Amino acid sequence: MSERIFIGVAWPYANGPLHLGHIAGAYLPADIFARYHRMKGNEVVMVSGSDTHGAPITLQADKEGVSPRELFERYHKLFLQVWQQFGISFDLYTHTDTENHHRISQKMFLRLKERGYLLVQKQLQMYSEASQRFLPDRYVIGTCPHCGYERARGDQCERCGSLLEPTQLLNPRSLLDGTTPVLKETEHFFLDLPAFEERLKSYVSEHENIWRPNVHRFTRNYLEQGLHPRPITRDLDWGIPVPVEGFEGKVLYVWFEAVIGYLSATVEWARLKRDEGRGMGDEWKEFWYDETTKSFYFIGKDNIPFHTLIWPAELMGVERLDDADGNVKFVLPYDVPANEFLNLEGDKFSTSRNWAVWAHDVVQRYNPDTFRYYLTAIAPETADTEFTWADFVRRNNDELVGWWGNLVHRVLTFTARNFDGCVPHPTELTDRDKEVLQQAEQMLSTIDNLLSTCKFKRALAEAMEFVRSLNRYWDEQQPWQVVKTDKQRTGTVCYVTLRAIDSVKVALAPFLPFTCERLHHMLGYEGKVVGDFEVQEISETERTHLALIYKPESVSLRWQPSELPPRQRFRDIAPLFAKLDEKVAEEEKAKLGKPMEG
RNA sequence: GGCGGCGUAGCUCAGUGGCAGAGCACGCGGCUCAUAACCGCGGGGUCCAGGGUUCGAAUCCCUGCGCCGCCA
């Protein structure tokens, strides 16, 4: 039976490049999940986009002396490239500075207001009289009251790590103009989170057995500490304007508005389908209103409360985008498979110290599937884990080259040489042959179960364990000896092994689409595995933006055991993976912490 | 200060009450179809320490030590 699966992936701030911690934490597992479900014949929409608002963007833009738009458009473009190169198959990857997103965010805000879920409260905030504007916490620097560091930020001291309020800083000054800011009263909207407390409690306990233990525990603790109203507007000139009279010059707080992107991007996706004549434009409703839809949100652990509490509260409060949509309610997150953090060579990833492996950089020098493999094998699904270049090289050489690549290569070259470049016809199968074919089906169904519950690491390990058993089968049958006396039996062994390899290809396709596509081709099949991407320039009334669109219909491979036809002709047999020299590990590691090239 | 996580073989890690596991590294052997790849056998552990519960604890509880994260 076909399922409908919504996949939301964290919206990255477009203020700097993406590193492998981002890819391993959210984008890669989401993509594996989407590819798996599409192969199963399920209806999938996977969306995300660049977060273009918030202080991190304006700070970086000020630092570089460019406009926020110039800054985010540069990184947005870079992200579009990275998704294509890593094969991250977003049905739509857009950004938050579209008219569509602005409109829907404002609508959500107004519906919350109408329904009485917003409070107005006065706050004191740092204000620069010289610049005539309010200062976000990060725009105030001063001396840290704990360690005496003179350039501590208003939200946190970077030297001692203490979390701060800007009012705690000694000798505070504005990052904009160096003057001493004053406290000034300002009025803001707050989301009345306590009003949702009971509903959130039952929502969370209903999902206890679905969510990963750490996600549930974290959420429950957060709830038990008590919910407080949270400000959802800010005094800033960059962002989505608050659509209320008297609040001119204020914008929606980025944490409130960015999660709405999941919804607005689905609306945009449906509209684009309509514009291409492939739909009615309201397909987003099935994903957001039909209670049989399961929605999954792939994020890092720092984002858990926003997706298990705050976003559900927004959805509960708004109920539906428009009363004309009928008596329907938004689908709440079904699972939030948040990952822990990936560390790098014994330390945290750090953009400012350039202690990072940059996605756009390495993907040009290495096979993207090698990263997809390694990052899944070490995925921080239940605990923080460690990326090391030495381990990366070892796993490539031992596991991808030695176990899987070598199996494919030894079997294909041997078979092609002895059977005229074609899949041989099997004769009678021995019990051992039947066992191997049965194990291949078993492997697919085990991995099916693991993937449907987001256990990617174990699913991959299961496939590799089966690969090793195929190397054993091949060794034990010794076709290179048997061929001297019994060509028919040799053909059967080749056939059985090829069928099993073909099934492994199916199991690995969500993980390693690029090399599985090459294998698909070598085995003589037509059709694509990675699938086509398209970057479109989308025009709205006043603005245009770039979006990435994946074409799922360009892939024909389905999740089912191999039915490899005898006599099918091989093509272009070549190794799937290249061995990496161990010096690579030393060289890459030596680059860490040094200023970026270029 | 509060909450939480982690501590298992030389390394990276799996293991939620029933004889301590995998991969790599190391030692020995087999094979030669294959990218010196593949396959088999072996050595190697005070499961951080101490206490408790239990017929039985790496696993559950308490305390301590060490590392890490979140919040205040």
Side-chain angles (χ1 to χ4, degrees), chain A residues 146 155-156 161-165 168 212-228 300-306 338-349 367 370 373-374 376-419 450 455 457-462 464-465 467-484 490-491 493-494 497-498 501 515 573-582 585:
Chain A
H146 302 289
D155 59 340
Q156 185 174 26
S162 306
L163 291 171
L164 302 170
E165 292 294 324
Q168 291 177 277
R212 288 179 182 169
N214 54 335
V215 172
H216 179 257
R217 196 164 34 230
F218 194 94
T219 304
R220 200 194 46 209
N221 286 344
Y222 200 95
L223 260 178
E224 281 170 3
Q225 280 169 25
L227 295 172
H228 308 284
K301 65 177 168 185
D302 51 331
N303 251 322
I304 290 173
F306 290 103
N339 270 347
E340 306 286 305
F341 287 149
L342 183 69
N343 292 319
L344 171 61
E345 302 280 1
D347 211 339
K348 280 192 273 197
F349 272 81
N367 181 344
T370 303
Y373 178 81
Y374 182 55
T376 305
I378 63 164
E381 287 178 10
T382 56
D384 290 359
T385 56
E386 184 89 4
F387 179 107
T388 69
W389 278 104
D391 195 41
F392 170 81
V393 169
R394 183 193 70 69
R395 280 187 185 263
N396 176 71
N397 292 353
D398 292 344
E399 301 180 9
L400 285 177
V401 177
W403 299 349
W404 172 229
N406 179 51
L407 173 73
V408 169
H409 195 234
R410 71 196 297 207
V411 173
L412 284 181
T413 50
F414 179 86
T415 310
R417 189 179 325 120
N418 288 289
F419 296 92
L450 290 168
K455 289 168 185 141
K457 204 173 181 170
R458 275 179 53 197
L460 182 60
E462 195 72 32
M464 294 311 279
E465 190 46 50
V467 164
R468 305 186 71 202
S469 81
L470 290 179
N471 271 315
R472 282 197 286 279
Y473 169 75
W474 184 258
D475 273 352
E476 136 212 323
Q477 297 297 325
Q478 301 184 54
W480 58 91
Q481 290 293 345
V482 178
V483 73
K484 296 172 189 164
T490 307
V493 170
C494 291
T497 316
L498 285 166
I501 285 174
T515 43
I573 297 170
L576 286 178
F577 299 93
K579 264 196 111 162
L580 293 171
D581 195 302
E582 299 196 356

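Values below: every heavy atom of this structure, side chains too, minus hydrogens, waters and symmetry copies. Residue numbering restarts at 1 for every chain, and letters A, B, ... go by the order of the sequence lines. No experiment lies behind these values; they were computed from the predicted model shown.
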State the pairing partner of [N]; accept Watson-Crick or G-U wobble contacts with both distances under 3.5 Å, and report none otherwise.
| N | value |
| --- | --- |
| G23(B) | C11(B) |
| G40(B) | C28(B) |
| G66(B) | C6(B) |
| C47(B) | none |

Provide, to the nearest angstrom, the distance between the [atom1] atom belonging to [X] and the [atom2] atom belonging to [N].
| X | N | atom1 | atom2 | result |
| --- | --- | --- | --- | --- |
| M464(A) | C38(B) | CE | C1' | 13 Å |
| N343(A) | G5(B) | CG | P | 18 Å |
| D347(A) | C68(B) | CG | C1' | 12 Å |
| K301(A) | C68(B) | NZ | P | 13 Å |
| N303(A) | C70(B) | CG | C1' | 13 Å |
| R472(A) | G40(B) | CZ | C1' | 10 Å |

If the condition is ring pair (Phe, Tyr, Trp, His ring centres under 6.0 Å), which residues does F392(A) pass it with, not counting sequence neighbours? Y366(A), F371(A), Y374(A), W389(A)

Could you measure the distance from the OG1 atom of T370(A) to the CG atom of N397(A)? Nearest 0.5 Å is fine.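 With rounding to 0.5 Å, OG1 (T370(A)) is 9.5 Å from CG (N397(A)).
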
Please list, one pair per line, the donor and acceptor atoms closer than 3.5 Å that link side chains of residues 407-414 of chain A to other protein atoms, with sequence neighbours excluded.
from    : atom 1 : to      : atom 2 : distance (Å)
R410(A) : NH1    : N471(A) : OD1    : 2.9
R410(A) : NH2    : D475(A) : OD1    : 2.8
T413(A) : OG1    : H409(A) : O      : 2.6
T413(A) : OG1    : R410(A) : O      : 3.4

State which residues pass side chain to side chain contact (heavy atoms under 4.5 Å, CB included) with [X]; sequence neighbours excluded, sorted by chain then number.
| X | value |
| --- | --- |
| K348(A) | N343(A) |
| Q481(A) | Q478(A), K484(A) |
| A338(A) | V215(A), I299(A), I304(A) |
| A416(A) | F570(A), I573(A) |

Contacts of type salt bridge (Lys or Arg N to Asp or Glu O under 4.0 Å), residue R472(A), not counting sequence neighbours: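 Result, salt bridge (Lys or Arg N to Asp or Glu O under 4.0 Å) vs R472(A): E465(A).
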
Test salt bridge (Lys or Arg N to Asp or Glu O under 4.0 Å) applied to K301(A) - qualifying residues, sequence neighbours left out: E340(A), D384(A)

Taking atom [atom1] in both [N] and [M], what distance in whole Å separates the two?
| N | M | atom1 | value |
| --- | --- | --- | --- |
| A25(B) | A72(B) | C1' | 46 Å |
| C60(B) | C47(B) | P | 16 Å |
| C26(B) | U16(B) | C1' | 33 Å |
| G51(B) | C38(B) | P | 46 Å |
| G21(B) | G5(B) | C1' | 23 Å |
| C24(B) | A37(B) | P | 11 Å |
| A9(B) | A20(B) | C1' | 10 Å |
| G17(B) | G30(B) | P | 44 Å |

Closest-nucleotide 5' rank along RNA chain B - winner of N397(A) and F218(A):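 Checking each residue's closest nucleotide, the 5'-ward one belongs to N397(A).
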
Shortest non-hydrogen contact between [X] and [Y], atoms and distance:
| X | Y | result |
| --- | --- | --- |
| F577(A) | G405(A) | CD1-CA, 4.3 Å |
| L342(A) | F387(A) | CD1-N, 4.0 Å |
| E381(A) | N214(A) | O-ND2, 4.4 Å |

Let me have a per-nucleotide readout for nucleotides 21-27 of chain B, 5' to 3', with B, S or -, counting only protein heavy atoms under 4.0 Å. --SS---

Starting at the 5' end of nucleotides 9-17 of chain B, put B wherever the base has a protein heavy atom under 4.0 Å, S where only the sugar-phosphate does, and a dash everywhere else. ----S----

Going by the salt bridge (Lys or Arg N to Asp or Glu O under 4.0 Å) test, which pairs reach into residues 388-408 of chain A, not counting sequence neighbours?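 The answer is D391(A)-R394(A), D391(A)-R395(A), R394(A)-D398(A), R394(A)-E399(A), R395(A)-E399(A).
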
List every contact pair, protein side and nucleotides 30-36 of chain B side both N or O, where the distance is under 3.5 Å.
from   : atom 1 : to      : atom 2 : distance (Å)
U32(B) : OP1    : Q481(A) : NE2    : 2.4
C33(B) : O2     : R410(A) : NE     : 3.3
C33(B) : O2     : W474(A) : NE1    : 2.6
C33(B) : N3     : R410(A) : NE     : 3.3
C33(B) : N3     : R410(A) : NH2    : 2.5
C33(B) : N4     : R410(A) : NH2    : 2.8
A34(B) : O3'    : H409(A) : ND1    : 3.1
A34(B) : O2'    : N406(A) : OD1    : 2.5
A34(B) : N1     : R410(A) : NH2    : 3.1
A34(B) : N3     : N406(A) : ND2    : 3.4
A34(B) : N3     : R410(A) : NE     : 3.0
U35(B) : N3     : F577(A) : O      : 2.6
U35(B) : O4     : L576(A) : N      : 3.2
U35(B) : O4     : F577(A) : N      : 3.2
U35(B) : O4     : F577(A) : O      : 2.7

Side-chain N,O (K348(A)) to OP1/OP2 (C68(B)) below 4.0 Å: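 For C68(B), neither OP1 nor OP2 has a side-chain N or O of K348(A) closer than 4.0 Å.
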
